[in-house]
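All of these numbers come straight from a predicted model, not from anything done at the bench. Here is how names work: the chains are called A, B, and so on, in the same order as the sequence lines, proteins then strands, and each is numbered from 1.
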Amino acid sequence: MLKAKILKDLKKCMSKLDFKFEDSFSIEVPNIAEHGDFSSNIALLNAKKNKMKPRDMAKKIADYLILKRDYKSVDVAGPGFINIKLANKVYHKGLIQIITKKHKFGSSKYGKKRKILLEFVSANPTGPLNIVSARAAAYGDSLYRIMNFVGFQAFREFYINDAGNQVDILAESIEIRYREILGDKIEEFPTEAYHGEYIKELAARLYTSEGKNLFYLAEKDRLERMKNFALEDIHQSQLESLERFGVTFENWMSEKKLRQEGILEEALSYLAEANCTYESDDAVWFSSTKFGDEKDRVLIKSDGHPTYLVPDIAYHITKYQRGFSIMIDVFGPDHHAHVAKLRAAMMALDYDLEKLKVVYLQHITLYSHGDKIKMSKRAGKIITMDDLIDEVGKDAARFFFINRKPTAHLDFDMELAKKKSNENPVYYCQYAHARICSILKKARKQKIILKTFDVKNLKKLNKEEELAIIKKLLELPSILISAADSFEPHRLSGYVQELAGLFHKYYSKYKIINENTIELSQSRLYLITAIKNVISISLSLMGISAPNRM
RNA sequence: GCGCCAGUAGCUCAGUAGGAUAGAGCAACGGAUUUCUAAUCCGUAGGUCAGGGGUUCGAAUCCCUUCUGGCGUGCCA
């Protein structure tokens with residue numbers, strides 16, 4: 001917000017002074033307070049072009065800029081930086097905006113209503129959601145909220161792999177447990193089958209609803225019934241887990257449906273039309289090497305079944321057909337090879353690869369009491385998303401997941417996330433919000449209210465800390481835009497922590513309410529109301545609650 | 001072998017499209033509460049940004065290279 005203003009003023013100034021310049025210069029918030037509120041390298045980058053020394057050029061710009069009323073000081077420093085301090089009233093104006101815009105502060109039209117598809121979680125419907133899905137859920141959902149807030153039209157989609165080999169194995173696993181319930185002795189449980197306890201529970205529920213009936217069906221029908229029962233049951237429980245986590249989807253895309261609608265055949269015919277398929281060894285191949293893949297890939301196996309690549313290509317064709325500006329796939333780190341094939345296929349079909357963005361979320365290592373928790377899906381030993389929500393709660397879990405940049409491995413300490421203490425950054429932010437609420441409550445009791453407040457009195461906010469807080473508050477819009485652009489919601493979580501820190505420091509140094517100085521008190525109440533607003537907006541964009549009391 | 005991701009304080013991580021003296025939190029140590037919530041604040045200590053080269057006014061950031069870790073490289077999904 002303020003940066004934009006300075007940017008505009010600087011450009012105007014350059015033209016007035018007849019300097020040539022490029023737009024690549026930057027305006028930054030310096031690490032060191034003495035370097036001003038903002039700092040620009042515009043002279044450093046453009047001095048050569050104008051055959052001047054950077055410092056001389058900077059001096060001219062500074063001398064011109066200071067003539068404007070909104071600037072408190074403009075200095076030249078170091079090799080030719082221009083360090084800027086804005087007048088207090090600029091900050092006060094900004095503060096008023098934050099209050100007036102209420103919960104819409106920070107929102108913008110930046111995205112120009114461009115349609116965005118976010119596909120995430122997309123876990124196999126063969127068991128409960130695990131902790132990796134939880135990370136994807138927290139990440140994807142926050143990105144969704146942020147993108148919509150800055151003016152994109154984002155959609156969340158969950159792709160269900162409810163067809164193919166693995167769901168057949170699921171059905172077989174259920175059958176074994178079902179037969180067990182009917183009294184069959186199972187000597188050896190196949191290693192490729194799903195071993196988790198939930199399979200037994202599923203079989204038990206199946207038995208409750210169907211009794212022995214299924215036993216008399218032909219094997220094919222029996223397995224089909226079991227498959228459908230299991231898929232529906234697991235889908236429901238995944239949906240519930242996600243809802244507990246505060247995540248919903250606009251669309252659940254079913255692979256089975258894609259198959260039924262003949263879209264797989266369609267995809268194959270498109271590839272054939274593009275001259276990218278051939279037959280060899282009884283199989284149908286995709287000549288993906290033409291498009292940068294290291295070797296060709298099988299599309300139809302020699303047994304006549306499609307590989308998993310085909311439905312995925314078909315699925316992505318539907319994404320393109322639906323007319324999104326950007327499609328973001330959120331995948332685990334084990335999908336690189338898969339994505340290479342997929343991209344090759346999209347290239348073959350002449351789709352714009354620029355529109356297809358892939359984010360690889362890295363793995364999570366769970367720790368408890370300092371020890372790694374080992375998880376094995378085969379053996380059924382997994383920490384589920386529900387376990388996580390039960391143990392540490394939605395807020396803490398979401399915060400921890402969002403707080404890391406997506407490409408980084410994540411070490412997750414169950415005990416730390418549970419701790420309601422200063423070791424836990426979630427509560428640090430929430431506590432700031434609760435503290436402010438508590439102060440506002442006290443103010444209401446003492447009849448110091450903002451209704452009677454004249455914003456002209458904001459000039460009483462002249463402490464360094466107060467101006468620093470306003471400056472930080474006004475950063476929200478650009479933080480959100482950068483988070484949306486880079487697909488990095490962790491920028492927001494970092495920002496809230498900084499803001500909460502500024503508030504806690506301010507709180508301990510200055511008294512907000514003082515009955516002897518009503519106008520000052522009101523000004524400060526005005527300020528902390530704005531802080532509360534920004535914290536609440538930020539937390540809500542992360543799907544985290546902002547409690548009034550703790 | 002090849003490809004992708006990572007390597008920053010004892011630990012977990014930031015570092016904003018190369019910017020000035022590399023920052024937080026935790027852990028360690030020392031302080032602050034007759035007070036609007038101490039789930040807080042103040043202070044001390046802690047670094048060869050994995051190593052080496054290059055690009056330039058300027059590099060944790062870009063390029064090259066070596067090392068280390070994770071993952072991938074199926075007619076499994």
Side-chain N or O of [X] closer than 4.0 Å to phosphate OP1/OP2 of [N]:
X	N	result
A/Y360	B/G70	no
A/R435	B/A38	yes
A/K405	B/A6	no

Would you mind pulling out the nucleotide paired to [N], Watson-Crick or G-U wobble, both distances under 3.5 Å?
N	answer
B/G1	B/U73
B/U40	B/A32
B/A9	none

| request: Can you check each nucleotide of nucleotides 71-77 of chain B against protein heavy atoms at under 4.0 Å and return B for base, S for sugar-phosphate only, - for none, in 5' to 3' order? | output: SSSSBSB
| request: Produce a footprint string for nucleotides 16-23 of chain B: one letter per nucleotide, 5' end first; B if the base is under 4.0 Å from any protein heavy atom, S if only the sugar-phosphate is, - if neither. | output: B--BB---
| request: Only counting residues at least two apart or in another chain, list the ones meeting side-chain contact (heavy atoms from CB on, under 4.5 Å) with A/K3. | output: A/I27, A/V29, A/F38
| request: Just jot down the side-chain contact (heavy atoms from CB on, under 4.5 Å) partners of A/H490, sequence neighbours excluded, or say none. | output: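 Scan of A/H490 (side-chain contact (heavy atoms from CB on, under 4.5 Å), adjacent residues dropped) gives A/K405, A/P406, A/E488, A/S493.
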| ring-ring contact (aromatic ring centres under 6.0 Å, His included) pairs, two or more places apart, involving residues 286-306 of chain A |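 Applying ring-ring contact (aromatic ring centres under 6.0 Å, His included) to every pair that reaches into residues 286-306 of chain A, excluding sequence neighbours, yields nothing.
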Length of the line joining [X]:[atom1] and [N]:[atom2], which is rounded to integer Å:
X	N	atom1	atom2	answer
A/E498	B/A14	CD	P	14 Å
A/F399	B/C26	CZ	P	13 Å
A/L450	B/C36	CG	P	20 Å

| query | So which of residues 501-520 of chain A are in contact with RNA chain B, with a heavy-atom cut-off of under 4.0 Å? | reply | A/H504, A/K505, A/Y507, A/S508, A/Y510, A/K511, A/I512, A/I513
| field | C1' gap between B/A6 and B/C49, integer Å | value |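 Pairwise C1' distance, B/A6 against B/C49, rounds to 14 Å.
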| task | Provide the distance between the two C1' atoms, one in B/A38 and one in B/U33, to the nearest whole Å. | result |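 7 Å, rounded to whole Å.
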| remark: Residues passing the salt bridge (Lys or Arg N to Asp or Glu O under 4.0 Å) test with A/E465, sequence neighbours excluded, are A/K509
| Short N-O contact, A/E255 and A/R259, less than 4.0 angstrom |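 Yes, A/E255 and A/R259 are salt-bridged.
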Taking ring pair (Phe, Tyr, Trp, His ring centres under 6.0 Å) as the definition, give me every residue that meets it alongside [X], ordered by chain and number, with sequence neighbours left out.
X	value
A/Y139	none
A/Y360	A/H336
A/H338	A/Y308, A/H335

Under 3.5 Å, N/O pairs linking protein and nucleotides 10-12 of chain B:
residue : atom : partner : partner atom : Å
B/U12   : O2'  : A/R404  : NH2          : 2.8

| query | Is there any side chain to side chain donor-acceptor pair (under 3.5 Å) pair reaching into residues 277-286 of chain A, and which pairs are they, with sequence neighbours excluded? | reply |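 Listed by first then second residue: A/Y278-A/D296.
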| task | Would you classify A/A434 as touching base, sugar-phosphate or nothing, given that sugar-phosphate means primed atoms plus P, OP1 and OP2, and contacts are heavy atoms under 4.0 Å? | result |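 Here A/A434 touches the bases of the nucleic acid.
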